[in-house]
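This report refers to the structure that appears directly beneath it.
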Amino acid sequence: MNLRELNQIREFALAEAREAPTAEALEAVRIKYLGRNGLLPDVMAQLKEVPAEEKPLFGKAANALKNELTGLIKERQGTLTSVIKKRDAFDPTLPGLWPPLGSEHPISKVTARITEIFQSIGFTVADGPDIETVWNNFDALNTPADHPSRDEQDTFYLNSGDLLRCHTSPVQVRYMGTHQPPIRIIAPGRCYRRDTPDATHSANFHQVEGLFVAEKVSMADLKGTLAYFAKQFLGEDVKIRFRPHFFPFTEPSFEVDFFFEIGGKSRWIEILGAGMVDPEVFKKVDYDPDKVTGFAFGMGIERLAMIMYGIKDIRNLYENDVRFLSQF
Ligand code: DAH
């Protein structure tokens, strides 16, 4: 036995101790080198055979190796057992940790509920783009050239000559242009107006449009449909009333109020615009006004959401403050 051989043992011992993959393997390394019949005690026992000039160095080196190996094994024991402890601490029967979930936006909720109610009585969902032609948004809806809503003060025009739709009514025009009666649709979607944002106005808001066209559709159908909707949406006790109004695309036209309890007392609240489709609109989409009649309606979704949830400021709906949104 000499210093060179001792160095070789040192390299093997340290490598094996460093690489032992489990606590058991590490223990085997410890026994192999440091155990009572291990390699290091054996090396010590051979001290007398080491050449005389190497003896002092050899003794020191052997001792140093023993300490080094003992230290390394101790340290690795600590990490290996802590892995085991962690694994033991995992209890598969405990409920898992859920990542925080978002909640449905009140606008989406109200839209979904309105859609569900109308689908249950045979309406299908139609869609149209946010960027519309002047024809679909105004002309085909019988809106006179000098109607104030056409004003650049009220509607966003694009350089192309198109505009951002100011209501969902152009979906009526699109749908009638591509389908033959009978038709029964609702069309939820975004609308845009040049409004200065305040507690009740937003330049970007949502509406749901409704349209029913067939032979002999009457005011009674309109009333019955809206009364059914009101009861489904707000409960059996709700009442509805029609107030005469004007819209270019319906004749006669109405504003419709619902009477229901809000904040502890019942009162009339304006909910939507509606009417019988104006024959002029039918002519624009090549429907024969002598053959078909229809009703249409449009309601603001923000307004409904604010009423239902007691939201005082429309801007709360767009700020995406989690403290607000997580309440729904
Ligand atoms: N488009 C109207 C608005 O934005 C709402 C409306 C009223 C839609 C009457 C209709 C309707 O379809 O018949 O104020």
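As the structure lists them, so they are numbered: ligands from 1, and atoms in each ligand from 1.
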For Phe247, counting its heavy atoms only, list the atoms of ligand 1 lying under 4.0 Å from any of them. 7 (C), 9 (C)
Close-contact set for ligand 1 against Gly275 heavy atoms, below 4.0 Å: 13 (O)
Go through it in stages, so that I can follow the logic: the residues are Ile117 and Tyr228, the test is side chain to side chain contact (heavy atoms under 4.5 Å, CB included), and I'd like the CA-CA distance, side-chain angles, deciding distance and then a yes or no. CA-CA 9 Å; Ile117 295 170; Tyr228 174 81; 3.9 Å; yes
Met299 contact mode with ligand 1 (heavy-atom cut-off under 4.0 Å): neither
In this structure, CG of Leu211 is separated from CD1 of Ile183 (nearest 0.5 Å) by 4.5 Å
In this structure, is the centre-to-centre distance between the rings of Tyr192 and Phe156 below 6.0 Å? no
If you measure from each non-hydrogen atom of Ser169 to ligand 1, which part falls under 4.0 Å: side chain, backbone, both or neither? side chain
Quick one: do the Tyr33 and Glu16 side chains pair a donor with an acceptor below 3.5 Å? yes
State the atoms of ligand 1, each with its element, that fall below the 4.0 Å cut-off from a heavy-atom position in Gln207. 3 (C), 4 (O)
Is Ile314 close to Thr200 at the side-chain level, that is, under 4.5 Å between some pair of heavy atoms? no
Which of the numbered atoms in ligand 1 are under 4.0 angstrom from any heavy atom belonging to Glu209? 8 (C), 10 (C), 12 (O)
Where on Arg193 is there a heavy atom closer than 4.0 Å to ligand 1, on the side chain, on the backbone, on both, or on neither? side chain
Side chain to side chain contact (heavy atoms under 4.5 Å, CB included) with Cys166: which of Arg193, Gln207, Arg150? Arg193
Please identify which atoms of ligand 1 are closer than 4.0 Å to at least one heavy atom of Gln172. 12 (O)
Are Arg194 and Asp154 ion-paired here, with the side-chain N under 4.0 Å from a carboxylate O? no
Counting both backbone and side chain atoms, is some N or O of Phe249 under 3.5 Å from an N or O of ligand 1? no
Taking 4.0 angstrom as the limit and counting only heavy atoms of Gly298, give me the atoms of ligand 1 inside it, by number and element. 6 (C), 8 (C), 10 (C), 12 (O)
